[in-house]
Amino acid sequence: MSAMPSTSAKAHAAGVEAYDAVVVGAGFAGMYMLHRLRGLGFSVRVYEQGDGVGGTWYWNRYPGARCDVESMQYSYSFSEELQQQWDWSERYAPQPEILKYANHVADRFDLRRDIEFSTRVERAVFDEAANLWSVTTSQGDTVTARHIILATGCLSNARMPDIRGLKEFKGEVYHTGHWPHHPVDFKGKRVAVIGTGSSAIQSVPVIAEQASHLTVFQRTANFSIPARNAALTAEERECFRSRYPEIRRFAREEARNGIYTEVPDRGALDDGDNVRRAKYEARWSKGGLTFMSVYNNLAIDKAANDTAANFVREMIADIVDDPGTAKLLQPDSHPIGTKRICIDSDYYAAFNRPNVTLVDIKSTGIDEILPHAVRAGGNDYEVDALVLATGFDAMTGSVAKIDIVGRDGKTLNQKWAEGPRTYLGLMSAGFPNLFVITGPGSPSVLSNMIVSIEQHVDWIADCLGFMRDNGFAAMEAERDAEDKWVDHVNEVAHGTLYPQANSWYMGANIPGKPRIFMPYIGGVGAYRQICNEVAAKGYEGFAMTAAAKEKRAAAS
Ligand SMILES: Cc1cc2nc3c(=O)[nH]c(=O)nc-3n(C[C@H](O)[C@H](O)[C@H](O)COP(=O)(O)OP(=O)(O)OC[C@H]3O[C@@H](n4cnc5c(N)ncnc54)[C@H](O)[C@@H]3O)c2cc1C
């Protein structure tokens, strides 16, 4: 009999529902986690604060929202039938289609019966004597679970900017990451978009077509590459499908970012000016995130990086008619690629429209919001609607909103006060049986996230199976292993140009958030290998507690 008995149905102990695992969040991570654990015979409860599945694609319904990794790759690979049967309509599917896909997956694998929607997990407390988590929800329910798995998303905690007067604004206010479910029509309205990150870059061209006037408030110019989005033909889909085994294998095992692409074998300075320019032009014409894969040293060598950055700046100057506006749109505060590159459909060209104005707020910020206007640099811009494209409290924001109490009554927020600390981005010492999917310290946001999600889910599912089969009731990251991993994550990051950018990777968009580089930059393939080796060595660096005797023992 296993020490961690699995139950296909929830058990009731003293009136409290008991599960093998509670999963928080029903985005792509939570849905696949449920599917895997159910397949292993565990009882699982998923809590989702939204009233539907899809996570990111449930919340981000702003105009122009779509993925920036090609859909044939930004999709689950765990089911051969699914990937062979689902037809993506465009190279980069729009949000409604990705949400439809998420709903299809939920139906196809009969996931909904174990998901409780419109329910937030508010608190989770670890009972050291019983090795159980006690989980309290916004519905006032408390359940127990052997494991809690946070599938809460890296970009799911929309960041409301702290601008004076925002609450007094009399017009419509929207956040891109919390968009209403009803259609929003900006026709004939004066609209302000605040922020110029990925969501703004996607929405500006679409809003510009509807609004009578659009004013875009820019603090930091970002690099964007044309998406070259287009309808996918049946032949193109077939071409992908027939090569899926190799494409998926490459994305998992060899790619740095989980995307199938050529591996560059040269540095940018190994080519002369003309050859280099021709290569950049070819990538610019092809479009998409693989622009950064032209050369192998763009992320580590500033001189090499400058060649790519200068090329993109030139392209911006070519597209944008007004030289002053073009100058403002040319990023000058960070090396290209050190903030996630954006992918656009006519973003820069939108500024050639007579109804679009760019306002530079780099040095002054926004002074205040008035009831009918945005005041910046001493000027008032009258608007009917505000679109806050101000991003997310990334990677840790949604975790921090849950009151998680681990060993000795210590909370995760206390432990992470100086920045998140994890072993492999999966667990944090002092919080047994608590896993994070794509947590800080893992490649997560630097990758095609579905590849990283599937890897984490499979690793966690295998781990829970191992614990059950070997009679372990608790598992916990060892502090020494965690310290070494945190050092390694930092060391790898500081070997690159990434920390030179004030990016949300560093928590720089959130006032007061500690500045540490959160994702692991060592590459998806290399990271997977490390995780696999750790598992193969009996979960090296994790302490296991045997069920009956509550004795801590190293897994062998
Ligand atoms: C606009 C946008 C475009 C993106 N495009 C791409 C792309 O092209 N390629 C790519 O790789 N990545 C992209 N991403 C990143 C994207 O977040 C991931 O690809 C992926 O969807 C994350 O899935 P997830 O399940 O981990 O998290 P999410 O999709 O964020 O889901 C987390 C869920 O957890 C729920 N939740 C959080 N806290 C609680 C709580 N306490 N209680 C209950 N429920 C809770 C949330 O409501 C949410 O539904 C994009 C992100 C955004 C915002």
Side-chain angles (χ1 to χ4, degrees), residues 22-34 45-71 73-76 91-95 98-99 101-102 105 115-124 135-139 148-159 175-179 197-203 227 251 257-259 288-289 340-343 389 391-404 436-439 442-454 456-457 504 524:
V22 155
V23 176
V24 191
F28 284 132
M31 289 200 293
Y32 181 43
M33 193 75 246
L34 168 60
R45 194 72 181 152
V46 181
Y47 293 106
E48 166 56 56
Q49 62 190 350
D51 65 9
V53 297
T56 293
W57 307 102
Y58 170 92
W59 297 106
N60 290 263
R61 299 170 188 240
Y62 58 83
R66 58 179 73 243
C67 51
D68 60 12
V69 172
E70 295 183 24
S71 293
Q73 300 203 57
Y74 184 68
S75 46
Y76 284 124
R91 185 175 174 191
Y92 303 94
Q95 171 272 331
I98 307 176
L99 185 58
Y101 172 75
V105 171
I115 306 175
E116 204 161 314
F117 292 107
S118 306
T119 307
R120 274 190 57 74
V121 167
E122 308 270 15
R123 186 171 158 81
V135 178
T136 307
T137 74
S138 54
Q139 306 287 355
I148 179 163
I149 300 160
L150 303 180
T152 42
C154 292
L155 301 171
S156 56
N157 189 22
R159 180 192 161 240
H175 191 291
T176 50
H178 212 125
W179 203 261
S198 182
S199 304
I201 283 175
Q202 289 187 333
S203 60
N257 58 5
I259 300 174
L289 281 180
R340 190 170 174 121
I341 285 232
C342 302
I343 300 300
F392 303 89
D393 183 352
M395 303 203 72
T396 54
S398 286
V399 175
K401 274 181 146 174
I402 308 172
D403 183 21
I404 298 171
V436 190
I437 300 180
T438 63
S442 74
S444 58
V445 290
L446 295 176
S447 66
N448 173 354
M449 286 201 68
I450 300 192
V451 172
S452 292
I453 285 169
E454 287 189 331
H456 267 187
V457 167
W504 52 259
V524 161

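Along the sequence shown, residues are numbered consecutively beginning with 1. As the structure lists them, so they are numbered: ligands from 1, and atoms in each ligand from 1.
Of the possible donor and acceptor atoms, none in the side chain of R61 sits under 3.5 Å from a partner among the backbone N and O of Q95. The backbone N or O of Q49 lies less than 3.5 Å from no partner atom in the side chain of R120, so there is not a single donor-acceptor pair. In terms of modelled atom types and a separation under 3.5 Å, the side chain of T119 and the main chain of F117 share a donor-acceptor contact. Between the side chain of H456 and the main chain of T438, a donor-acceptor pair closer than 3.5 Å is present.
Judged as a salt bridge (Lys or Arg N to Asp or Glu O under 4.0 Å), and not counting sequence neighbours, the contacts of R91 are E70.
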Ligand 1 N/O to protein N/O, distances under 3.5 Å:
unit_1, atom_1, unit_2, atom_2, d
ligand 1, 8 (O), D68, N, 2.5
ligand 1, 8 (O), D68, OD1, 2.7
ligand 1, 8 (O), V69, N, 3.1
ligand 1, 9 (N), D68, OD1, 3.4
ligand 1, 11 (O), S447, O, 3.4
ligand 1, 11 (O), M449, N, 2.7
ligand 1, 17 (O), T56, OG1, 2.7
ligand 1, 19 (O), Y74, OH, 2.6
ligand 1, 21 (O), T56, OG1, 3.4
ligand 1, 21 (O), Y74, OH, 3.1
ligand 1, 25 (O), F28, N, 3.1
ligand 1, 25 (O), A29, N, 2.9
ligand 1, 29 (O), T56, N, 2.7
ligand 1, 29 (O), T56, OG1, 3.1
ligand 1, 30 (O), T56, OG1, 3.4
ligand 1, 41 (N), V121, O, 3.1
ligand 1, 42 (N), V121, N, 2.9
ligand 1, 44 (N), Q49, N, 3.1
ligand 1, 47 (O), E48, OE2, 2.7
ligand 1, 47 (O), Q49, NE2, 2.9
ligand 1, 47 (O), W59, NE1, 3.0
ligand 1, 49 (O), E48, OE1, 2.8
ligand 1, 49 (O), E48, OE2, 3.0
ligand 1, 49 (O), W59, NE1, 3.3

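Salt-bridge check for D393 with K401: failed, with every basic side-chain N at 4.0 Å or more from each acidic carboxylate O.
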